[in-house]
Each structure stands twice: as C-alpha cells, then as structure tokens.
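Read through the structure below, which is laid out as structure tokens, and then see the notes.
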Amino acid sequence: MRKYVIMGVQGSGKGTQSALLAADLDLVHISVGDIFRWHVKNHTKLGAQVRRLVAAGELVGDDLVEDVVRDRLQLHDWNYGFVIDGFPRNRRQAEFFLESYDIDGVIHLDLPDAEVRRRVLARRLCSRCGMDYNLIAHRPEQEGRCDVCGGELVSRADDTPDALARRLTDYHSKIDPVLELFRRKEYVMTIDARADKATVQRTIRTRFNLPPYLPAQEETVALSEQPGGG
Ligand SMILES: [Zn+2]
C-alpha cells in the first residue's frame, strides 16, 4: 500500500499530478477541495455551512477539514493507498496523521510565488458552462469565447492580484510549518513544479522509486505543446 501527502500552493499542479499518480497506481485521490465543492454543488448540510463561510469572506476552519478527512478515510476504499491533497493544514493535524496512517512520503511541488501569480492570473472560466481555461496552458480557440458552448470567458471573482497575494501569505504562514515538521522527519521530496506536467510526474516517480510514467503517445504530444499547465 502507498500513502502520500501532496503539498503545494494553488497553481502548482497538485490536482493534475495526483490524478496521474492515482490513475496509474490505483491510488485514491482524496482532494479536500473537491470534497467541499461536491457538498456545495449537491446542497448538503455541510455544503450550506461552507457556502455561509465563503459568503462571509471566511476560510473553512481546520476542525471542519479534519472531520471531513477523517470521514473520508474511514470509508476504507483505498486498498492500494491514497494521495491526499489539502490536508494536513497545521502541525497538530500533521502529527496526528503521521501517527495514524504511516505515510510513505510527502510530495512537495515547489513553485515560486511569481510563477503562481503568472499561472493563476491566467485562469479563465466559461460564464455559461463552467469549463476551465488557462491563457498559458489551455487557450480557447477564439479569444474570450468558450470552445464548447461559445459562452464568455471570465476570471474567477477571487483571482485578483490582491486576493491571490492574501492567499499566498495565508498559505505560507500555515503550510510552511507543516512542511518543516515533515522535513524534520525526512518524509519530504521537493519537486520543481515549474517544468511541464509530464516532467514533474517523471521526477515524482523517480524520487519515490515508483514505476516509470509512460503517457500515451497523443498525450505526450499534447503535453509538449502545453508547458506548465494546471
Ligand atoms: Zn462554455
């Protein structure tokens, strides 16, 4: 069984790298963000709670995140292991996680803040169908229009330089101490996340002695045209 924590600031490609690992190695990708988005979309009680917090400009608290992760892991549908993304968020949770789950390693996708700004501020979203675009990695065929439905492409409301600067400060103040704790216990492999996604995935496989990454041929072509996605 393989159990990994993946850490990295938004825009570092955590979701993409987790998905590639999960698909190939039969791991379950547990994304705390995706779990919360699912609850919001499906109007659950938890979703309503998250919606209220976000509307009030607050972040989802660490305790709520911890409950969600505990419930998710208790499903025990991860026979071959998991990659968890979005947890732990503080030192106490990190200690608890190390004691309870015997993890194999921490994948730290390292991306300089300047590159995060470049990537995140290039994100666009279709105002009609919700399809994601990125002006660096996934450009629409026609400027400002969705390839799928022709809807207008807009930035997310919270993708402004000011909001992003606040998120980066918040991320570093919370996550750097967690990384430091994992580092002291020698779990962390820091991977340069500026490379294209196939290179990042190959580096992860090498550093953790995992089976090599062999993308399908057409995927290789698409990836070489799209440096620095996700
Ligand atoms: Zn659309």
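Atoms within each ligand, like the ligands themselves, are counted from 1 in listed order.
Each protein N, O or S atom less than 2.8 Å from the Zn ion (ligand 1) was counted, giving 4.
Side-chain contact of D176 with H172: a donor-acceptor pair under 3.5 Å is present, judged by distance alone.
At a threshold of 4.0 Å, the pair R89-D62 counts as salt-bridged, since one of the basic side-chain nitrogens sits closer than that to a carboxylate oxygen.
Of the candidates I191, L109, I84, V106, L109 is the only one forming a side-chain contact (heavy atoms from CB on, under 4.5 Å) with I6.
Y4 and F82 have their aromatic ring centers separated by at least 6.0 angstrom.
Annotation: side-chain hydrogen bond (donor to acceptor under 3.5 Å, both in side chains) contacts involving residues 149-159, sequence neighbours excluded, comprise R123-D159, R124-S155, D132-R156, D159-R167.
Heavy-atom contacts from other residues, nucleotides or ligands closer than 6.0 Å to OH of Y80 number 12 or fewer.
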